[in-house]
Amino acid sequence: MASLRLFLCFFLFTASSVNIVCSRSLQKDHIALFVFGDSVYDPGNNNYIDTIARANYYPYGETFFKYPTGRFSDGRLIPDFIVLWLIYVAAEYANLPLIPPYLQPGNHEFTTGVNFASAGAGALSETNQGFVIDLKTQLSYFKKVAKQLRQELGDAEAMAFLSKAVYLINIGSNDYVLPFTSNSTVFQYFSKQQYVGMVIGNLTETIKEIHMEGGRKFGFRNFGSMGCIPLLKALVPGNTGSCFEQVNELAKLHNAALTEALEEMEIKLVQFKYSMHHLNIYLSELTKNPGRFGFKEVNKACCGSGPYRGISSCGGRRGVTEYELCSDPTQYFYFDSSHVSEKANKQIAQLMWSGPPNITGPFNLKAFFQL
C-alpha cells in the first residue's frame, strides 16, 4: 500500500463516471468525514453483507445516479450533500469524493473519511441482529481505520487528523420502530423510558469510544414524528390518516435524553463539540405548509403499495412483485415507505450545514469544517 504521506488518490463520483485524482501529501487543513448509522446514511454497505435490507435495485437511485447504488432514496443522501457543499465552498476540498462505503472492495485509503452506516442497524445489537452492521460493529471498523492511520501517519499526526475530522451519526429509529413491526415483547419487560435509556446508553458509549480515538466534532439530528412515516401510518387501524403515536412518544423521549447526554458530554469530555439539527422543527413546518418547501405530497410515499404506499414493496422488496411508483419523486417528501426523497435529503442537509442556532446548534456543520 502506498504511504499516506507520499501518494493519495481520491475517487470523484459523478452520475455517470468515476474519476481518480491523486495528490502527493495530506493537506495541512484537510478535514475528513466519518459516518455512522442506519439506512438514512448508508451509501451501500449492505450491498456487501447477507441481508434483505438492500436498495441495490431499481427504482432506487433513479433520479441522480441513474442506477441503484444501495442508497435508500431516488438519489443522494445527506452525507453526499455535505461533501458537495464542501467542494463548492472551499478550494482545498476540490478533491474530496462522495464518502465511500467501508465495505466497498478495494477501499483502503481513509484520508477523506469513510461511511460505516448500515440499513436496518440500531444502537442495540439485538435490532435486526444478523442482518445488519450494528453500531458496535461499526465502531470496531472505525477503530481498525484509526489503527491504520496511526501506522501510516504516526501517532501525533493521526491524532491531529482524527481530532479535526467530523463524525456524523444517525441511529435509533430502527430500535424504536422494530418492536411495533415485529412480534417483539420488549415492552412487556421494559418501560418506554428504560428502553430509550438503553438506546441512548449504547449511543453514548460509542461516542465516548470515538472520542478516545481522537474524535472531537460530532453531528446529529433528532427525530421528528417517526410515527407519521407511511410505514407506520399504514399500521393504524382504519387508515384514518392518524400517526402511530406510541412511536412518536418514543421519539420525544429519545430527543430529550439525547440532548441531555450531549450536554453532559460537552462538560465532561475534553474539547467535545456537537451539532444538533432539530429535524422535528423542520418536519412540523413542512407538515403545515408543504408547498412552501416545494412538495405536493407529504403523507404518501412515491414508491410502495397499500395505504399511503406504506408497505415496503418498492422495487419488489419483501417478495411483493407489484408496487406503485410515482412519475415525479421531486413532488414527494417520502420516496418509499420509510425513507425520504433526494429533494428532502437536500433540504435537511442544507439545514444541518448552515442552519441558524435555533434549527442547528450550538454549531452547524459548516462551522465544524471551519474550526
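Owing to the predicted nature of the structure, the values given are computational and were not obtained by experimental measurement.
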Are L325 and Y58 packed together at the side-chain level, in the sense that at least one heavy-atom pair is separated by less than 4.5 angstrom? yes

Taking atom types as modelled, is there a side-chain donor on H254 or Y176 under 3.5 Å from an acceptor on the other? yes

Got a donor-acceptor contact below 3.5 angstrom from the N255 side chain to the N222 backbone? no

Note, F333 side chain near L283 side chain (heavy atom, < 4.5 Å): yes

Check: A53 main-chain N/O paired with N46 side-chain donor or acceptor under 3.5 Å: yes

Salt bridge present between E213 and R150 (N-O < 4.0 angstrom): yes

Using the side chain to side chain contact (heavy atoms under 4.5 Å, CB included) rule, pick out the option among T206, V199, T127 that qualifies with L135. T206

Rounded to the nearest 0.5 Å, how far does OG1 of T287 lie from CG of N299? 7.5 Å

Do side-chain atoms of K217 reach the backbone of F368 as a donor and acceptor pair under 3.5 angstrom? yes

Under 3.5 Å: donor-acceptor pair, side chain of E342, backbone of R76: yes

S184 and P179 have their tightest heavy-atom pair at CB-CA, 3.6 Å

Rounded distance (nearest 0.5 Å) linking atom CD1 of I359 with atom NE2 of H278: 7.5 Å

Under a 3.5 Å distance rule, please check whether K66 uses its side chain to pair with a backbone N or O of T63 as donor and acceptor. yes

Please list all pairs meeting salt bridge (charged side-chain N to carboxylate O under 4.0 Å, His left out) that have one or both residues in residues 240-268, counting only residues at least two apart or in different chains. E264-K268

Measure across P105 and Y48 and return the closest heavy-atom pair with its distance rounded to 0.1 Å. CD-CE2, 3.4 Å

Please answer whether the main-chain N or O of P356 pairs with a side-chain N or O of T360 as donor and acceptor at a distance below 3.5 Å. no

Would you confirm whether the ring centroid of F180 sits within less than 6.0 angstrom of the ring centroid of F187? yes

Between the side chains of D42 and S118, does any donor sit under 3.5 Å from an acceptor? no

Rounded to the nearest 0.5 angstrom, the CG-CG distance for N47 and N56 is 4.5 Å

Trace of the side chain to side chain donor-acceptor pair (under 3.5 Å) decision for Y60 with D336: CA-CA 9 Å; Y60 291 106; D336 70 8; 2.6 Å; yes

Spatial distance of atom CD1 (I133) from atom CG (L139) [nearest 0.5 Å]: 13.0 Å

Distance-only polar pair, side chains of S242 and T240, donor-acceptor under 3.5 Å: yes

Okay, side chain of R309, backbone of C302: is any donor-acceptor separation there less than 3.5 Å? yes

Under 3.5 Å: donor-acceptor pair, side chain of R221, backbone of L279: no

Salt bridge flag under 4.0 Å for residues R71 and D80: yes

Heavy-atom side-chain contact between F293 and Y282 under 4.5 Å: yes

From CD (E285) to CG (N280), nearest 0.5 Å: 10.5 Å

Could you go through E62 and Y67, starting from their C-alpha distance and side-chain angles, then the distance that decides it, and tell me whether this counts as side chain to side chain donor-acceptor pair (under 3.5 Å)? CA-CA 6 Å; E62 65 170 357; Y67 65 92; over 6 Å; no

I229 versus S338: any side-chain heavy-atom pair under 4.5 Å? yes

How about C243 and C228 - are their SG atoms less than 2.5 Å from one another? yes

Donor-acceptor pair, distance only, cut-off 3.5 Å: does the side chain of K164 make one with the backbone of I31? no

Out of Q151, K143, K144, which residue meets the side chain to side chain contact (heavy atoms under 4.5 Å, CB included) rule with K147? Q151

Parallel, tilted or perpendicular: ring planes of F218 versus F220, cut at 30 and 60 degrees: parallel

Please name the pair of heavy atoms, one in S73 and one in S341, separated by the smallest distance, quoted to 0.1 Å. OG-C, 3.6 Å

Minimum heavy-atom distance between L232 and M226, given as atom pair plus value: CD1-O, 3.3 Å

Answer whether the closest heavy-atom distance between the side chains of N364 and W353 falls below 4.5 Å. no

No-hydrogen, no-angle side-chain donor-acceptor test under 3.5 Å, N174 and N128: no

Rounded distance [0.5 Å steps], CZ in F72 versus OG in S39: 6.0 Å

Go through the steps for D38 and S173 under the test side-chain contact (heavy atoms from CB on, under 4.5 Å), then give the verdict. CA-CA 8 Å; D38 51 28; S173 59; 3.3 Å; yes

Answer yes or no for K233 and Y308: cation-pi contact, defined as NZ/CZ to six-membered ring centre under 6.0 Å and angle to ring axis within 45°. yes

Applied to residues 136-158, the ring-ring contact (aromatic ring centres under 6.0 Å, His included) test, sequence neighbours excluded, yields F34-F142, F36-F142, Y102-Y141, F142-Y167

Can any side-chain N or O of Y195 pair as donor or acceptor with the backbone N or O of D175 at less than 3.5 Å? yes

Which residues share a side chain to side chain contact (heavy atoms under 4.5 Å, CB included) with D134, sequence neighbours left out: S125, K136, T137

